[in-house]
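Take a look at the structure set out below.
From a predicted model like this one, the values you see are computed outputs, not experimental measurements. In listed order, ligands and their atoms are each counted from 1. The figures here come from the full heavy-atom set of this structure, side chains too, leaving out hydrogens, waters and symmetry mates. We're numbering straight along the sequence, starting at 1.
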Amino acid sequence: MIKVNAYAAYDATTPLRPFDFERKEVGPHQIQIDILYSGVCHSDIHTARSEWGPAKYPVVPGHEIVGRIVAVGSKVTNFKVGELAGVGCFVDSCRHCQSCLDGEEQYCDEGMTGTYNSYERGTNIPTYGGYSTSINVDENYALHVSENLPLEGIAPLLCAGITTYSPLRHLKVGKGHKVAVLGLGGLGHMAVKFAVSFGAEVTMLSTSPSKEADAKSLGAHNFALITDPAVMASLQNSFDFIINTISAQHEYATYLNLLRKNGTMVVLGVPPTPSTTPAFSLIGKRRSIMGSLIGGIKETQEMLDYCAEHNITSDVEVIDMSYINEAYDRMLKSDVKYRFVIDMASMKN
Ligand code: NAP
Ligand code: ZN
Ligand code: ZN
């Protein structure tokens, strides 16, 4: 067994605190990763606090994992000891439904196995995520990571990166499109980078006036303060796409009329309480609302390779593990620039 140091949520209301456990030795198809950096996603907060339904405590969050391979199973062919590797939001799926065969394991008909707050398939063994010093994963659910980019900036690509890359690719967003990104946090800042990189004209829609300069330096062409009714009025019928990354309760209808005829709002944020959307906010201009969930392994690798080629990483604030509860509090106040990433060396002292 491998001794692992971690931080866990023990219930929905108390701060995360240390949790030590053991992982099994690598199975024949698995690689063991010594975790170097782990990103902090708002989904970690939703889950740790049971905002999406009762969590399976203790919860060791973390699904933006990068590190170095320290062991490989006897049947592993695609990874070697000493290489970098990444793990995202899931570690297994049924492997035979149409979505799995299509390489879109996140939409597995039988449900993907989450990197945390899940059970290893067919067992009652809990999965524990990246706020830990080590993880084992089947090689088919691991990613190759570039040696040429700052590793702490790569970690958030495993969730925030692929979650924004995938719908932009699916919708073939590019030159000639006007894209609005709603919410400048972890997902939002990656959405800006990718949409700009794909050639779209990008407007940042934010509640935080202090983020205007950063939005521009991330590449956004325009910045709009959505708390200003005059600004909102001036933006009616403006965008082909809105990438909605808001983590807190809101009404889609507040933003739908910023879409042009045939425009689409891509819902990425998963607030604990739903929006009530009046039909009139959609039918008047044949607007759509579309959801999108992370991305499959194949597309995640494509995204990581794209980032390596185009020098794209996340803008991060590196923290020690012991800062995690402050980081959560700051994210809830939208005080994030633009992803907290835990330096796992802080767990090994
Ligand atoms: P985050 O870093 O905390 O950013 C969320 C941003 O939303 C905030 O920084 C803020 O930006 C904006 N915001 C917050 N409250 C708002 C409000 N009441 N009205 C308008 N804007 C508000 O969160 P994240 O990690 O990017 O995650 C965002 C959401 O996506 C979460 O719900 C998460 O669970 C979900 N998620 C979904 C997927 C998927 O596969 N679909 C994957 C990962 C995460 P401003 O300061 O600019 O206003
Ligand atoms: Zn996430
Ligand atoms: Zn499946």
Of the protein's non-hydrogen atoms, which lies at the shortest distance from atom 10 (C) of ligand 1, and what is that distance?
Ser334 OG, 3.3 Å

Would you call Glu147 and Arg68 a salt bridge, taking side-chain N to carboxylate O under 4.0 Å as the test?
yes

Parallel, tilted or perpendicular: which describes the rings of His46 and His42, with under 30° parallel and over 60° perpendicular?
tilted

Do Tyr255 and Phe239 have ring centroids that are under 6.0 Å from one another?
no

Could a heavy atom of Cys41 be found less than 4.0 Å from some atom of ligand 1?
yes

For Asn117, all residues meeting side chain to side chain donor-acceptor pair (under 3.5 Å), sequence neighbours excluded
none

Regarding Asn222 and Glu201, do their side chains bring together a donor and an acceptor under 3.5 Å, going by distance alone?
yes

For His177 and Gly174, indicate whether the former's side chain and the latter's backbone hold a donor-acceptor pair under 3.5 Å.
yes

Should Ser93 and Arg121 be marked as a side chain to side chain donor-acceptor pair (under 3.5 Å) after you check the CA-CA gap, both sets of side-chain angles, and the distance that decides it?
CA-CA 8 Å; Ser93 64; Arg121 279 190 117 63; over 6 Å; no

Between Thr133 (side chain only) and Asn5 (backbone N and O only), is there a donor and an acceptor less than 3.5 Å apart?
yes

Lys75: salt bridge (Lys or Arg N to Asp or Glu O under 4.0 Å) partners, not counting sequence neighbours:
none

State the atoms of ligand 1, each with its element, that fall below the 4.0 Å cut-off from a heavy-atom position in Ser206.
45 (P), 46 (O), 47 (O), 48 (O)

Between the side chains of Glu64 and Arg339, is the shortest nitrogen-to-carboxylate-oxygen separation below 4.0 Å, so that they form an ion pair?
yes

Should Lys216 and Glu212 count as an ion pair when the cut-off is N to O under 4.0 Å?
yes

Between Phe340 and Tyr328, is the ring centroid distance below 6.0 Å?
no

Under the 3.5 angstrom rule, does the side chain of Ser50 hit a backbone N or O of Ala55 as a donor-acceptor pair?
yes

How far is atom 46 (O) of ligand 1 from its nearest protein heavy atom, and which residue and atom is that?
Ser208 OG, 2.5 Å

Subset of ligand 1 atoms that lie under 4.0 Å from at least one heavy atom of Ala248:
15 (N), 18 (N)

Using 2.8 Å as the cut-off, note every protein N, O or S atom close to the Zn ion (ligand 3).
Cys94 SG, Cys97 SG, Cys100 SG, Cys108 SG

May I ask you to check whether Phe194 and Tyr165 place their ring centres under 6.0 Å from each other?
yes

Nearest protein heavy atom to atom 37 (C) of ligand 1, by residue and atom, and its distance?
Leu268 O, 2.9 Å

Which residue holds the protein heavy atom closest to atom 25 (O) of ligand 1, what is that atom called, and what is the gap in Å?
Arg339 NH1, 2.6 Å

Nearest candidate to atom 32 (O) of ligand 1, where distance is taken over non-hydrogen atoms, out of Lys211, His42, His46, Lys337:
His46

When distances are taken from atom 11 (O) of ligand 1, the protein heavy atom at minimum range is Leu184 N, 3.1 Å

For Cys159, the ligand 1 atoms with a heavy-atom partner under 4.0 Å come out as 42 (C), 43 (C)

Is there a donor-acceptor pair closer than 3.5 Å between any side-chain N or O of His250 and the backbone N or O of Ala248?
yes

For a distance under 2.8 Å, give residue and atom name for each protein N, O or S atom next to the Zn ion (ligand 2).
Cys41 SG, His63 NE2, Cys159 SG

Pull out every atom of ligand 1 sitting under 4.0 Å from any heavy atom of Gly185, numbered as shown with elements.
2 (O), 4 (O), 9 (O)

Strictly below 4.0 Å, N to O, side chains only: are Asp240 and Lys261 in salt-bridge contact?
no

Under 3.5 Å, is there a donor-acceptor pair between the His189 and Ser314 side chains?
yes

For the backbone of Ile65 and the side chain of Ser38, can you confirm whether one donor and one acceptor N or O come within less than 3.5 Å of each other?
no

Got a donor-acceptor contact below 3.5 angstrom from the Thr115 side chain to the Phe90 backbone?
yes

Going by the closest heavy atom to atom 12 (C) of ligand 1, which one wins out of Gly183, Ser43, Gly269?
Gly183

Tell me if the centroids of the rings in Phe19 and Tyr7 come within less than 6.0 Å of each other.
no

Taking Met1's backbone N and O only, do any of them form a donor-acceptor pair with Glu25's side chain (distance below 3.5 Å, no angle check)?
yes

Going by the atom numbers of ligand 1, which of them fall below 4.0 Å from some non-hydrogen atom of Leu293?
40 (O)

Below 4.0 Å from any atom of ligand 1, is there a heavy atom belonging to His250?
no

Atoms in ligand 1 with a heavy atom of Thr163 nearer than 4.0 Å:
38 (C), 39 (C), 40 (O), 41 (N), 42 (C)

Counting non-hydrogen protein atoms only, what is the nearest one to atom 5 (C) of ligand 1? Give residue, atom name and distance.
Ser247 OG, 3.6 Å

for atom 48 (O) of ligand 1, nearest protein heavy atom and its distance come out as Thr207 OG1, 2.5 Å

Any N or O on Ile226 sitting closer than 3.5 Å to an N or O of ligand 1?
no

Interfacing atoms of ligand 1 (cut-off 4.0 Å, heavy-atom, Ile246):
7 (O), 16 (C), 17 (C), 19 (N), 20 (C), 21 (N), 22 (C)

Would you mind running through ligand 1 and noting each atom that sits below 4.0 Å from a heavy atom of Ile294?
39 (C), 40 (O)

Could you tell me if any non-hydrogen atom of Trp52 lies under 4.0 Å from any atom of ligand 1?
yes

Is it true that Met204 lies under 4.0 Å from ligand 1, counting heavy atoms only?
no

Atom 41 (N) of ligand 1 sits nearest the protein heavy atom Ser292 O, 2.9 Å

Below 4.0 angstrom, N of the basic side chain to O of the carboxylate: do Arg95 and Asp138 qualify?
yes

Is it the case that ligand 1 has an N or O less than 3.5 angstrom from some N or O of Val267?
no

Polar atom proximity, Tyr255 to ligand 1 (N or O, under 3.5 Å)
no

